[in-house]
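Heads up, the thing below is written out as structure tokens.
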Amino acid sequence: MFGAAAHVDSGNRHTRRLPRVRGLALAALMATTAACGSGGGDGGTGSEDKNGADRSASPSGSAPASGTGALTEAALKAVAFTDGERIGPYTANETDGAPLGENYTAEPARCQPLVSLAAGATAHDPAAEVHREAGIADEVAGIGVLVQLRSYAGDGAAAVMKDLAAAGDACAGGYTEVRTIARAKVLKVEPAEAPAIGDEAVAFRFTVLDVKGELKLYEYLTVVRSGTTTLSFRADFLGTKDIGAVPREIIDAQWKKFSSARGTGT
């Protein structure tokens, strides 16, 4: 997760170009400081068959990877936000590397899908993934959203959604996110309203305890599946404000780009 924080995260949790930072990144920073002795975190319809294969015609350059049914990285980039693209008050940017990589783990392990879906992090490795971040460029405090598109071979995308739902239920009472230099306590996982788009969608609200055990921070995760592709949106706020949901305009804008190019509907 990447809650409200000052972003100095050597673990590459969320490498923002915008002047913002993430919550559990603060846990990492403060934990590192303490260690150093300075005083011490859908349900719609698409055009896929029952096995998740996209029946719609693929636009040029976006054909699935041979023999897998999964979109290639180039295909995902073609439907992702472009660097500098504006979505209302938000600006999208490419990330430097892959945020929330396999070095982000959960205790207990059954909660892992809520922490990271990156290659190597769960039992279902994506065939390709593309990462974007969106925020208000001139705001030091504000909402930030990590947008991640992933494609899977076979029924991998559907399996990921099943695992997310199971983790949401099993980890409702909380879990610990573990990284190389920090641990962050998630106090509660609650279901949130999921958008009625794609083949299925899930959404969660996370209550996170800051590293000093004094403040509660809030993050939101929404994941939409369309055929063999998932669209993930993780949102937070720099501070203790509860933003209530992933900004819908970001979800809608990314879904519109994806579904228009792929020939899928709502």
Side-chain angles (χ1 to χ4, degrees), residues 1-29 41 61-62 71-104 115-119 121 126 128-151 179 195 206 217-224 226 229-239 241 243 245-262:
M1 313 180 75
F2 61 87
H7 178 66
V8 197
D9 184 8
S10 62
N12 193 27
R13 177 179 182 74
H14 191 70
T15 42
R16 272 188 88 73
R17 297 183 189 175
L18 301 175
R20 286 208 22 115
V21 280
R22 296 293 178 236
L24 295 190
L26 179 57
L29 174 62
S62 64
L71 297 181
T72 63
E73 182 179 356
L76 292 178
K77 286 182 177 180
V79 297
F81 290 134
T82 58
D83 200 36
E85 182 171 346
R86 296 295 300 272
I87 310 101
Y90 304 98
T91 300
N93 290 107
E94 297 179 1
T95 64
D96 299 324
L100 302 178
E102 63 179 318
N103 56 321
Y104 288 79
V115 173
S116 174
L117 295 173
E129 53 186 328
V130 169
H131 313 277
R132 300 290 184 265
E133 54 192 2
I136 300 176
D138 295 326
E139 284 193 0
V140 174
I143 298 172
V145 182
L146 179 62
V147 182
Q148 298 175 291
L149 278 58
R150 296 184 173 97
S151 63
R179 297 182 297 161
F206 302 95
L217 313 175
Y218 303 95
E219 298 181 5
Y220 287 83
L221 172 66
T222 295
V223 184
V224 178
S226 179
T229 303
T230 62
L231 293 76
S232 171
F233 307 86
R234 192 179 292 266
D236 72 349
F237 182 82
L238 180 56
K241 177 181 177 180
I243 59 176
V246 176
R248 188 59 194 257
E249 58 263 55
I250 292 179
I251 294 176
D252 288 345
Q254 179 58 85
W255 173 250
K256 182 177 180 180
K257 291 192 71 168
F258 175 84
S259 59
S260 295
R262 301 299 304 157

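Remark: the backbone N or O of T229 is not paired with any side-chain donor or acceptor of S226 at under 3.5 angstrom.
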(message) Test side chain to side chain contact (heavy atoms under 4.5 Å, CB included) on L221 and F206; report intermediate values, then the result.
(response) CA-CA 8 Å; L221 172 66; F206 302 95; 3.6 Å; yes
(message) Would R86 and T91 count as a side chain to side chain donor-acceptor pair (under 3.5 Å) here? Give the steps.
(response) CA-CA 5 Å; R86 296 295 300 272; T91 300; 3.3 Å; yes
(message) One pair to check against side chain to side chain contact (heavy atoms under 4.5 Å, CB included): V147 and L231. What are the steps and the verdict?
(response) CA-CA 7 Å; V147 182; L231 293 76; over 6 Å; no
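Interatomic distance, I243 CD1 to L238 CG, rounded to the nearest 0.5 Å: 11.5 Å. E133 CD to I250 CD1: the interatomic distance, rounded to the nearest 0.5 Å, is 11.0 Å. To the nearest 0.5 Å, atom OH of residue Y90 and atom CD of residue E85 are 15.0 Å apart. Distance CZ/F81 to NZ/K257: 7.0 Å, rounded to 0.5 Å. Between atom CD1 of residue I87 and atom NZ of residue K256 there is a gap of 12.5 Å, rounded to the nearest 0.5 Å. A distance of 6.5 Å separates OG1 of T230 from CG of L117, quoted to the nearest 0.5 Å.
The two residues A118 and P126 make their nearest non-hydrogen contact at C-CD, 4.2 Å. Heavy atoms only, all atoms of each residue included: L71 and F258 are closest at CD1-CE1, 4.2 Å. Nearest heavy-atom pair, R150 versus S232, reported as atom, atom and distance to 0.1 Å: NH1-CB, 4.4 Å.
Residues P195 and R248 have side chains in contact (heavy-atom distance under 4.5 Å, counting atoms from C-beta outward). Considering only heavy atoms from C-beta on, D236 stays 4.5 Å or farther from I143 through its side chain.
Salt bridge absent: E94 and K77 never bring a charged side-chain N and a carboxylate O closer than 4.0 Å.
Listed by chain and number, the residues in a side chain to side chain contact (heavy atoms under 4.5 Å, CB included) with A128 are E73, L76, S151 (sequence neighbours excluded).
Checked options Q254, R132, H131; the residue passing with L149 is Q254 (criterion: side chain to side chain contact (heavy atoms under 4.5 Å, CB included)).
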